[in-house]
There are 2 protein chains.
Amino acid sequence: MNTQKLPGSTTLTLSMPTPKIKPPPAPPHARATIADVAREAGVSKATVSRFLNHRDTLLTPDIAARVEVAIAALAYSPSPMAQGLKRGRSRLIGLVVADVTNPFSVAVLRGAEKACQQAGYLLMLFNLGNDSRRESEAIKALTAYQVDGFILNTLGGDAGAAAEAARHGKPVVLVDRRHHDMQADFVSIDNVGAVLLGARHLVEAGYRELLFVSEPIKNVSSRMEREAAFRSFVSDAAPDIAGLHGSTFECTDDDSAGLDKALQSLRQRAEGRLSAVISSNAVVTLRVVAAMARLGWRLGADLGLVGFDETEWSPFIGPGLSSIAQPTDELGRLAAGCLIERLKGLDLPPRQILLSGRLVARGSSVPQASPVNLQT
Amino acid sequence: MNTQKLPGSTTLTLSMPTPKIKPPPAPPHARATIADVAREAGVSKATVSRFLNHRDTLLTPDIAARVEVAIAALAYSPSPMAQGLKRGRSRLIGLVVADVTNPFSVAVLRGAEKACQQAGYLLMLFNLGNDSRRESEAIKALTAYQVDGFILNTLGGDAGAAAEAARHGKPVVLVDRRHHDMQADFVSIDNVGAVLLGARHLVEAGYRELLFVSEPIKNVSSRMEREAAFRSFVSDAAPDIAGLHGSTFECTDDDSAGLDKALQSLRQRAEGRLSAVISSNAVVTLRVVAAMARLGWRLGADLGLVGFDETEWSPFIGPGLSSIAQPTDELGRLAAGCLIERLKGLDLPPRQILLSGRLVARGSSVPQASPVNLQT
DNA sequence: TTGTATGCGTTATCAT
DNA sequence: ATGATAACGCATACAA
């Protein structure tokens with residue numbers, strides 16, 4: 001043990017009493033490893049590991065104490081990477097979002113992130129930028145990182161992608177948009193109820209010619225459900241309400257002219273009856289508002305409007321935007337909560353959690369010409 | 001090799017011709033490892049690894065081809081976890097955000113996420129929820145995961161935290177808020193220029209009694225810079241402009257009464273001169289708008305307003321909100337870009353990248369009583 | 001109760 | 001040019 005070769009060390013002898021040949025006392029600012037702690041505490045790595053993971057299996061108080069101080073002294077914390085490699089799980093949760101631009105997504109993100117943090121999970125974010133083709137890419141990248149589970153708020157176009165994740169045994173929770181027959185928890189607003197809330201409100205306010213404006217339905221479940229709910233509301237209620245009529249319109253990002261035309265023909269159809277729009281989310285709402293600005297129409301008076309998603313700016317658009325508020329924070333929290341329960345071992349058939357929306361009535365749904373300055 | 005013990009396998013012999021004892025051909029849906037590929041291609045793990053990482057060191061075309069098909073056949077992709085453990089880097093970037101609620105943060109996040117994705121990095125998100133005490137917690141959690149670098153948009157109150165990250169050799173880029181004398185790249189809007197843009201615009205429009213409204217300045221650099229810029233604009237310009245006067249106000253989340261009072265005393269001070277507000281970000285802008293709604297004042301006519309941050313809803317608040325647009329997407333992209341350059345080995349002294357803002361003039365900064373309906 | 005040894009999936013340092 | 005092998009930091013089955 002004495003005459004070992006120390007690479008790169010000449011045998012110059014200084015006035016050091018005991019040469020103390022221990023391996024270089026750890027490079028200045030590298031993270032301490034479990035081995036360092038073990039050495040410091042004079043125990044084996046296994047003991048340290050047990051102290052960390054199985055505090056139930058009794059250790060000698062003496063030893064436990066030594067390990068504890070060593071850990072504190074070295075500011076040791078285990079490497080999640082190594083743990084992940086060994087355990088197969090990572091305390092990471094993958095969050096895939098269709099579009100971070102959408103206020104709804106951000107709000108959900110916010111709730112989910114908070115819940116994850118509290119449970120000691122970190123979030124890996126993947127934004128699709130509304131490009132559904134990248135969905136499977138996202139899942140792949142995230143599974144590569146051994147995320148323990150997924151929160152998905154995607155178009156679900158590439159159903160296979162998410163399904164594969166589930167097949168790998170990773171729990172998945174879908175938010176707002178359900179994928180076709182997937183084994184996964186699902187957290188969403190009660191779309192049927194929410195649409196009813198908005199539609200009834202408009203009818204009660206006196207509007208009769210209704211238009212449901214949505215982003216391209218494609219196969220997005222929430223859009224389909226909302227549109228279907230609107231349609232059936234109209235056909236159910238029409239017999240009882242004189243002059244009630246409804247139609248729908250899909251509005252793309254780049255075709256503002258099309259939207260203008262749709263709104264004009266709406267009022268034309270109305271022939272004196274009051275007409276109104278239900279918009280399927282905040283992005284669409286803003287498009288409708290922009291169209292009305294172009295047309296020089298007044299919210300409420302010339303055209304009623306109730307939009308999905310309550311935002312901080314809803315109160316301040318024109319006479320105030322009436323909206324159908326979603327409990328976004330709660331949705332995010334619940335989604336994360338579901339996932340974490342599963343990760344803790346909960347084994348139940350897929351659940352559906354439907355939260356109800358809340359109507360926030362403002363000036364955009366009152367037909368009487370309203371004073372045009374701001375009001376809360 | 002024949003009579004080895006297969007744990008849990010009785011020696012029952014079926015009509016299988018060749019027993020083909022190879023280790024269970026991989027549990028159905030586990031990810032393929034480099035060993036699987038090696039076996040499939042009939043080469044060593046080392047060769048596969050070289051094929052992946054050192055395509056420059058020539059491999060026999062024959063072998064390379066075999067490896068290639070094996071990889072494709074098994075849909076193999078390396079485990080970032082294992083790579084991280086071995087290499088010490090993870091292709092992960094930590095993004096710490098003071099407040100995901102702030103539209104500015106989200107916009108930056110969006111730009112950064114895109115750039116990272118393109119460069120093959122994934123984003124780990126940590127939201128502080130405006131709780132600066134959790135800053136070091138965030139850094140710690142993220143370093144634990146071996147993130148290769150940080151993008152920080154935080155209060156910087158806990159300067160030590162970020163500094164420590166830098167000390168660990170991890171590159172750091174600060175967005176919008178610089179920390180006290182930290183060795184890090186810094187990406188931001190040119191605050192002085194931006195404030196000038198807004199202030200000059202208001203003065204040109206005829207406003208004379210100016211109020212700068214900000215969130216609590218604390219030690220946040222961007223808030224300090226903006227406030228200072230406002231102050232020096234006023235003192236510089238006052239000699240040349242009759243009746244010009246300016247003051248500042250810090251507005252907290254919960255004290256709407258205080259804001260109301262501040263605005264009222266502003267108009268009182270004005271004594272007939274036109275008064276206006278510059279707000280330091282979108283959150284504050286909304287607070288000011290809310291206050292004006294409470295007071296029943298008209299934007300532009302009763303009080304001028306120019307706010308930092310252009311949003312999708314800016315055009316539709318009252319007569320349109322005049323704003324100082326920040327190139328948020330670009331800021332995010334640049335931040336990520338800086339970081340990735342560093343990760344590629346670039347070794348330069350810390351850079352400062354300042355982008356200039358753009359004034360978007362709308363109705364909220366024209367004093368003439370404007371038609372109250374929406375206009376773009 | 002504690003220590004020893006092995007393996008998780010990679011990469012890198014040796015040989016060959 | 002390719003193959004065996006030893007880490008990386010940790011958890012665990014097994015031995016003591």
Side-chain angles (χ1 to χ4, degrees), chain A residues 7 23-24 26-27 30-67 70-71 74-91 143-146 148, chain B residues 5 7-8 23-24 26-27 30-68 70-71 74-92 143-146 148:
Chain A
R31 290 172 54 84
T33 77
I34 200 173
D36 299 327
V37 176
R39 194 177 331 115
E40 174 87 8
V43 300
S44 78
K45 295 193 295 178
T47 303
V48 179
S49 178
R50 272 189 291 260
F51 175 83
L52 260 21
N53 306 312
H54 305 284
R55 308 192 68 132
D56 46 325
T57 71
L58 286 337
L59 334 195
T60 311
D62 167 41
I63 295 244
R66 267 157 56 199
V67 172
I71 288 182
L74 300 183
Y76 166 77
S77 82
S79 149
M81 287 269 155
Q83 288 182 317
L85 192 58
K86 187 68 188 147
R87 298 173 155 158
R89 41 213 166 77
S90 59
R91 297 200 78 79
T143 45
Y145 274 96
Q146 303 266 34
D148 294 344
Chain B
K5 67 174 177 211
R31 290 173 54 84
T33 78
I34 201 172
D36 299 328
V37 177
R39 195 179 329 116
E40 174 85 9
V43 300
S44 77
K45 295 194 296 178
T47 302
V48 179
S49 177
R50 270 189 292 259
F51 175 82
L52 259 22
N53 305 312
H54 305 283
R55 306 193 72 131
D56 46 326
T57 72
L58 286 337
L59 336 197
T60 310
D62 167 40
I63 296 244
R66 267 157 56 200
V67 172
E68 188 154 21
I71 288 182
L74 300 183
Y76 166 78
S77 82
S79 148
M81 287 267 156
Q83 288 183 318
L85 189 59
K86 188 64 188 158
R87 297 174 157 159
R89 31 209 177 82
S90 58
R91 296 201 78 80
L92 246 31
T143 44
Y145 275 97
Q146 303 266 33
D148 295 343

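Please read all numbers here as calculations on a predicted model, not as lab measurements. A note on names: the letters A, B, ... follow the listed sequences, proteins ahead of strands, and every chain is numbered from 1.
Side-chain nitrogen and oxygen atoms of A:T47 include at least one within less than 4.0 Å of the OP1 or OP2 phosphate oxygen of C:dG3. Of the side-chain N and O atoms in A:Y145, none sit less than 4.0 angstrom from OP1 or OP2 of C:dG9. For A:T33, no side-chain nitrogen or oxygen approaches OP1 or OP2 of D:dG9 to under 4.0 Å. Between A:H54 and D:dA11, a side-chain N or O to OP1/OP2 separation shorter than 4.0 Å is absent. Taking only side-chain nitrogens and oxygens, B:S49 never comes nearer than 4.0 Å to OP1 or OP2 of C:dA12. Within the 4.0 Å cut-off from OP1 or OP2 of D:dT2, not a single side-chain nitrogen or oxygen of B:S44 is found. For the OP1/OP2 pair of C:dT11 and a distance below 4.0 Å, the side-chain nitrogens and oxygens of B:Q83 include at least one atom meeting the criterion.
To the nearest angstrom, P of D:dC8 lies 10 Å from CG of A:D36. Whole-Å rounding puts the A:K86 NZ to C:dC8 P distance at 7 Å. If you take CZ of A:R87 and C1' of D:dT12, they are 11 Å apart, rounded to a whole angstrom. One atom, CG of A:D56, and another, P of D:dA11, lie 14 Å apart when rounded to the nearest Å. B:I71 has its CD1 atom 13 Å from the C1' atom of C:dT10, to the nearest Å. Residue B:R89 contributes atom CZ, which lies 15 Å from atom P of C:dT10 at whole-angstrom precision. Atom CG of B:N53 is separated from atom C1' of C:dA12 by 10 Å (rounded to the nearest Å). Distance NZ (A:K45) to P (D:dG9): 9 Å, rounded to an integer number of Å.
A distance of 11.5 Å separates CD1 of A:I63 from CZ of A:F51, quoted to the nearest 0.5 Å. The distance from atom CG of A:L74 to atom OG1 of A:T33, rounded to the nearest 0.5 Å, is 9.0 Å. With values rounded to the nearest 0.5 angstrom, A:M81 atom CE is found 4.5 Å from B:S90 atom OG.
Across all strands, B:F51 comes closer than 4.0 Å to no nucleic acid atom at all (heavy-atom distances).
Of all heavy-atom pairs spanning A:V67 and A:V37, the tightest one is O-CG1, 4.4 Å.
One cannot find a donor-acceptor pair under 3.5 Å joining the base of D:dG9 and the side-chain atoms of A:R31.
Taken over five-pair windows at either terminus, the axes of the helix from C:dT1-D:dA16 to C:dT16-D:dA1 are inclined to one another by 50° (rounded to 10 degrees).
Residue whose closest nucleotide on DNA chain D sits further toward the 5' end, between A:R50 and B:I63: B:I63. Each of B:L85 and B:A46 was assigned the nucleotide of DNA chain C with the nearest heavy atom; the assignment lying further toward the 5' end belongs to B:L85. In this structure, B:P61 and A:S77 both approach DNA chain D, and ranking their closest nucleotides by distance from the 5' end singles out B:P61. Comparing A:L59 and B:P78 along DNA chain C, the residue whose closest nucleotide (by nearest heavy atom) sits nearer the 5' end is A:L59.
Contact check for A:N53 versus A:S49: side-chain heavy atoms found under the 4.5 Å cut-off.
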